[in-house]
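Naming convention: chains lettered A, B, ... in sequence-line order (proteins, then strands); numbering from 1 in each chain. Since the model is a prediction, treat every value here as computed from it, not as a measurement.
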Number of protein chains: 2
Amino acid sequence: MTFSEENYLKTIYHLTTHLNTEISTNAIAEKMETKASSVTDMLKKLAEKDLVNYKKYQGVSLTENGQLAAKMIVRKHRLWEVFLVEKLDFSWDEVHDVAEQLEHIKSEKLINKLDTFLGNPTEDPHGDPIPDANGNIIKVEKQLLSEIGIAKKTICVGVRDTSTEFLQYLDKQKIALGSSIEILSKEEFDASLHLKVNNQELVVSSKIAGNLYVQLI
Amino acid sequence: MTFSEENYLKTIYHLTTHLNTEISTNAIAEKMETKASSVTDMLKKLAEKDLVNYKKYQGVSLTENGQLAAKMIVRKHRLWEVFLVEKLDFSWDEVHDVAEQLEHIKSEKLINKLDTFLGNPTEDPHGDPIPDANGNIIKVEKQLLSEIGIAKKTICVGVRDTSTEFLQYLDKQKIALGSSIEILSKEEFDASLHLKVNNQELVVSSKIAGNLYVQLI
DNA sequence: AATAATTTTTAGTTTTGTCTAAATTTTAAT
DNA sequence: ATTAAAATTTAGACAAAACTAAAAATTATT
């Protein structure tokens, strides 16, 4: 499997878990910053290899094979992220590009030994689940902060947007995985939230709230 | 820089340190298991980028730029080998292929943090020197066992051949880096050596002796 | 020094993954 | 139900890196 094929599978996998429908050619092209015609070419190749179900003009979905392959790439990506943060002292906003390269290293032995070395983590530094060697994922109950009612006490357990900009904003506001977040009130006009984060009061926009995953406690 | 360009630079670097002349197209082709015509194509490209000195039919050598680039690839390869053996419990005959992939990961921050994490090692698991971030190499005095006189006491400090077969042979004979090796006698007929390795007597062929680096003590 | 053998380069082709531009299909709007 | 708009696919081209076969240069041999 080539790097390019792996990147397509991964993208289709991510789009599938966010949305829950057949994935369109354009959606893939946009996410990968490439052209729709390139996507079509690749979908044909992946279909040929029984990694995707593809019918002209009808969108695409992963086959069993494709899903497993995608999960193994995601597994590698997230384990490497844990390694970078836990062992090499990277911060959570620095790991993405490097993990993007490391996820393509081909060695089952390597990734399983890395998994052991890291203590078989179940989540990456952004709170996303790490598939095990069989592709099984432990789903943790979580909701977007924007979908929670007032006066609820929560714990921050993940981020939806993993861009450097967003993660550095969170650092600045001292919001990290594990931070306690209580919703004090909601502004009707713009859906901004008045929060208490680790006993400090803070106002965040709905855009922020729509990118933070929390767990009710 | 592409993977392929990096592989050519690395090969030229290795050939240059073993031999000490201009490197021929055929030597590169043989080492890389490719065709001479492919090598010519790549040499033109590398010359274009000022990474090699190349004159048609005259062989090739690395420029300053090319030498530094090659050393950085070797640095990555060897640091990853240390990581695999020291942290992930690989044996020294299992690391080559994986390191061959990892050496192409592009991130200065990654490799320098890895270096720190490993305690700034100066040698890889086969006894080869690891260039530092500036390309400096600490040269350790060492000779092939085949070039040492009788009755000399030595320490094994490296291997010339890093193939799985050779390394597993050494494992079987309980020869490792740090093993004490004394030459008891040499058979004139085939240049085989009668050794005492860690107080165990052992006979090895000249082929073995020609692939073991030792240090006189 | 002339010729044979070897090495190296050139020319032209292939594969992978991308692109542009045109054609086709689907979806939306009147 | 047509037509307009949007999405998707096809056709053809290109760059990278490899190959084969033929040509050219170098080296070795007589």
Worksheet item: Does any residue of residues 30-38 of chain A have a heavy atom under 4.0 Å from DNA chain C, and if so, which ones, in number order?
Response: A/Thr34, A/Lys35, A/Ser37, A/Ser38
Practice prompt. Provide the full list of salt bridge (charged side-chain N to carboxylate O under 4.0 Å, His left out) pairs with a residue in residues 20-32 of chain B, sequence neighbours left out, each pair given once.
Written response: none
Item to complete: Go through the structure and list residues passing side chain to side chain contact (heavy atoms under 4.5 Å, CB included) with B/Gln173, not counting sequence neighbours.
Response: B/Tyr169, B/Ile175, B/Leu202
Fill in: Test side chain to side chain contact (heavy atoms under 4.5 Å, CB included) applied to A/Asp41 - qualifying residues, sequence neighbours left out
none
If you look only at distance, which donor and acceptor atoms sit under 3.5 Å apart when one is on a side chain in residues 142-149 of chain A and the other is two or more places apart or in another chain?
unit_1, atom_1, unit_2, atom_2, d
A/Lys142, NZ, A/Gly127, O, 3.3

Item to complete: Mind jotting down which residue pairs meet the salt bridge (charged side-chain N to carboxylate O under 4.0 Å, His left out) criterion with at least one end in residues 101-121 of chain A? Sequence neighbours excluded, please.
Response: A/Glu6-A/Lys106, A/Lys10-A/Glu103, A/Arg75-A/Asp115, A/Lys109-B/Glu94
Practice prompt. Report yes if some heavy atom in the side chain of A/His14 is under 4.5 Å from a heavy atom in the side chain of A/Val74; otherwise report no.
Written response: yes
Item to complete: Quick one: list whatever passes ring-ring contact (aromatic ring centres under 6.0 Å, His included) with B/Tyr57, sequence neighbours left out.
Response: none
Worksheet item: Looking at residues 4-13 of chain B, who's got a heavy atom less than 4.0 Å off DNA chain D?
Response: B/Ser4, B/Tyr8
Can you name the atoms? Protein N/O to nucleotides 24-28 of chain C N/O, anything below 3.5 Å, with the distance.
unit_1, atom_1, unit_2, atom_2, d
C/dT24, O2, A/Tyr57, OH, 3.4
C/dT25, O4', A/Tyr57, OH, 3.4

Discussion item. Please determine whether a side-chain nitrogen or oxygen atom of B/Asn26 lies at a distance below 4.0 Å from atom OP1 or OP2 of C/dT6.
Written reply: no
Worksheet item: Touch check for B/Phe3, heavy atoms < 4.0 angstrom, all strands: base, sugar-phosphate only, or nothing?
Response: nothing
Item to complete: Return each pair, listed once, that meets salt bridge (charged side-chain N to carboxylate O under 4.0 Å, His left out) where at least one residue sits in residues 77-90 of chain A; pairs must be two or more places apart or across chains.
Response: A/Arg78-A/Asp124
Discussion item. What's B/Thr25 touching, base or sugar-phosphate or nothing? Going by heavy atoms closer than 4.0 Å.
Written reply: sugar-phosphate
Worksheet entry | Which residues share a ring-ring contact (aromatic ring centres under 6.0 Å, His included) with B/Tyr8, sequence neighbours left out | none
Response to the item:
From CG of A/Leu46 across to C1' of C/dT16 the rounded distance in Å is 13 Å
Fill in: Of all pairs that satisfy salt bridge (charged side-chain N to carboxylate O under 4.0 Å, His left out), the ones with a partner from residues 205-215 of chain B, not counting sequence neighbours
none
